[in-house]
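All remarks here apply to the structure that follows.
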Amino acid sequence: MKFVTFFDGCVKTGIVSSDNEFISFDEIGLKFKDLNDFIERAGDKDYELLSVFEAQARGLKIGEPKLLAPIITPRQDIICLGINYMDHAAESAKFKGEKFNGRREYPVYFSKRVNEAVGHGGEILAHERVTQKLDYEVELALIIKKDAKNVSAKDAKDYIFGYTILNDFSARDLQIRHKQFYFGKSLDTHCAMGPAIITADELDSSNLTIKCYVNGELRQNSNTCNMIFNERYVIEELSSAMTLKAGTIISLGTPSGVGMGLEPPKFLKSGDVVRCEIEGIGVLENFIS
């Protein structure tokens, strides 16, 4: 099932039908204020009703309403994995002038503040007053379906609501200046998400092509099979000591080809168009303003 949030006179949440049409919750009598609310409260009957309407041709054609981020306002900061592809670990170390021994023994976790996520087609502020090294990062993100505590790796998939594309925009100069990720990852509009959330039962997240283009130039081109630490490992480790609440968003890292890793580095500027693609999910395209 494919969940979307869109604007059609007002903000609506719903699904995409098999005929590629939007169906809002309100249209079929489901009373959920947003996708966070649905994830937390929906029961089997709600999913069954959605399944019935998913197969019907009704609603609005995709492209007529304006797509928004599926989850506009995360209930908590997004949990992100740093350098979770080996080739990106190497290019990151090179940019920072550090030696890289080719090993990653433990994941790097950090938090990304998102006051409001930007959807497909939305504008990303360059924030040129505070950063001159704005970078892109295409990532596969997952959304936790129910509270997860002490979850084993073998059961981890049962706790995933679905997957989406996340562009983890990053101010590299702020990261280096402050010697940590939080501020440089959390500027307003610097989280793009979408175009939809694909439920976990419809996607093999372990083998998906993942790409990013800037102004039509292919910059990142990899596969999720190249992750160092997969979602099962991450959910098991994090839930062993902290509760992952329903609606928690975890972004699983980016492959090589980011702007800082190029020779010479190529950072984003006003007027650039960034297009992220993940197989089975779709396209997330944004404009730098």
Side-chain angles (χ1 to χ4, degrees), residues 1-6 12-25 27-28 30 32 34-63 65 67-71 117 119-120 138-146 148 151 153-167 192-211 222-227 230-235 244 246-253 276-285:
M1 198 170 293
K2 181 183 293 187
F3 287 86
V4 290
T5 298
F6 57 97
K12 299 179 180 180
T13 302
I15 61 171
V16 179
S17 75
S18 57
D19 284 345
N20 214 34
E21 298 178 338
F22 287 142
I23 303 170
S24 71
F25 288 162
E27 184 181 355
I28 58 179
L30 292 180
F32 298 100
D34 56 22
L35 201 47
N36 275 325
D37 189 32
F38 178 85
I39 292 169
E40 187 172 16
R41 296 197 298 112
D44 291 342
K45 290 185 178 179
D46 298 310
Y47 282 98
E48 290 170 5
L49 181 61
L50 286 173
S51 295
V52 171
F53 281 91
E54 183 185 23
Q56 297 183 8
R58 56 178 298 179
L60 297 164
K61 290 288 186 185
I62 283 186
L67 273 170
L68 305 174
I71 296 177
H120 172 69
V138 59
E139 304 192 2
L140 176 69
L142 64 85
I143 298 88
I144 295 294
K145 176 168 59 177
K146 54 188 176 181
V151 176
K154 67 180 179 64
D155 294 329
K157 192 83 172 182
D158 296 335
Y159 287 79
I160 299 174
F161 173 72
Y163 303 90
T164 192
I165 303 171
L166 189 142
N167 193 335
M193 188 191 307
I197 293 174
I198 311 299
T199 50
D201 61 318
E202 295 191 1
L203 207 60
D204 176 10
S205 60
S206 67
N207 183 26
L208 301 173
T209 301
I210 179 170
K211 297 180 179 181
S222 188
N223 191 289
T224 56
C225 68
N226 294 319
M227 288 183 188
N230 64 28
E231 63 198 35
R232 295 179 182 274
Y233 180 100
V234 169
I235 291 173
L244 302 174
T248 295
I249 301 170
I250 303 175
S251 198
L252 295 166
C276 298
E277 299 179 1
I278 296 182
E279 180 182 0
I281 300 178
V283 173
L284 173 66
E285 186 171 88

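Quantities reported herein were computed from a predicted structural model and do not represent experimental measurements. Computed over heavy atoms, backbone and side chain alike; hydrogens, waters and symmetry mates excluded.
Both the sub-6.0 Å distance and the 45° axial angle are not jointly satisfied by Lys12 relative to the ring of Phe25.
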When you look at Tyr159 and Leu244, which way does the side chain to side chain contact (heavy atoms under 4.5 Å, CB included) test go after all the steps?
CA-CA 10 Å; Tyr159 287 79; Leu244 302 174; over 6 Å; no
Stepwise, does the side chain to side chain donor-acceptor pair (under 3.5 Å) test hold for Asp19 with Ser17?
CA-CA 5 Å; Asp19 284 345; Ser17 75; 5.4 Å; no
How far apart are the C-alpha atoms of Glu285 and Cys276, what are their side-chain angles, what is the distance that settles it, and do they pass the side chain to side chain contact (heavy atoms under 4.5 Å, CB included) test?
CA-CA 6 Å; Glu285 186 171 88; Cys276 298; over 6 Å; no
Would you sort out whether Leu142 and Ile249 count as a side chain to side chain contact (heavy atoms under 4.5 Å, CB included), showing the intermediate values?
CA-CA 6 Å; Leu142 64 85; Ile249 301 170; over 6 Å; no
Is there a side chain to side chain contact (heavy atoms under 4.5 Å, CB included) between Thr13 and Phe32? Walk through the geometry before answering.
CA-CA 8 Å; Thr13 302; Phe32 298 100; over 6 Å; no
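Of all the heavy atoms in Asp46 and Arg41, the pair that sits closest is OD2-O, 4.5 Å. Heavy atoms only, all atoms of each residue included: Asn223 and Thr209 are closest at ND2-N, 3.7 Å. What you find for Arg232 and Lys154 is that their closest heavy atoms are NH1-O, 3.5 Å. Closest heavy-atom contact between Glu27 and Phe22: OE1-O, 4.2 Å. Between Ile165 and Gly282, the shortest heavy-atom contact is CD1-O, 3.2 Å. When every heavy atom of Val4 is checked against every heavy atom of Ala196, the shortest pair comes out as CG1-CB, 3.6 Å.
Side chains of Leu166 and Leu252 form no contact here, defined as non-hydrogen atoms less than 4.5 Å apart. At least one side-chain heavy atom of Ile281 sits less than 4.5 Å from a side-chain heavy atom of Leu203. Ile197 has its side chain within reach of Phe161: a pair of non-hydrogen atoms, C-beta onward, lies under 4.5 Å apart.
The CG atom of Asp34 sits 8.5 Å away from the CD1 atom of Ile39 when rounded to the nearest 0.5 Å. Summarising the geometry, atom OG belonging to Ser205 is positioned 10.5 Å from atom CD1 belonging to Ile278; distances are rounded to the nearest 0.5 Å. Note that CG of Asp158 and NZ of Lys145 are 6.5 Å apart. Values are rounded to the nearest 0.5 Å. In this structure, CG in Asn226 is found 9.5 Å from CG in Asn207, a value given to the nearest 0.5 Å. The CE atom of Met227 lies 5.5 Å from the OG1 atom of Thr224; values are rounded to the nearest 0.5 Å. The distance from atom CE of Met193 to atom CG of Leu67, rounded to the nearest 0.5 Å, is 13.5 Å.
Listed by chain and residue number, nothing satisfies the salt bridge (charged side-chain N to carboxylate O under 4.0 Å, His left out) test with Glu139 (two or more places apart in sequence, or in another chain).
With salt bridges taken as basic N to acidic carboxylate O contacts below 4.0 Å, one links Glu231 and Lys157.
Glu279 places no side-chain N or O within donor-acceptor distance of the main-chain N or O of Leu208, the cut-off being under 3.5 Å.
Partner of Pro70 under the side chain to side chain contact (heavy atoms under 4.5 Å, CB included) criterion, chosen from Thr164, Ile143, Asn36: Thr164.
The local environment of CG in Asp44 is sparse, with at most 12 non-hydrogen atoms from other residues, nucleotides or ligands closer than 6.0 Å.
Between Phe3 and Tyr47, the ring-plane angle classifies as perpendicular under the 30° and 60° cut-offs.
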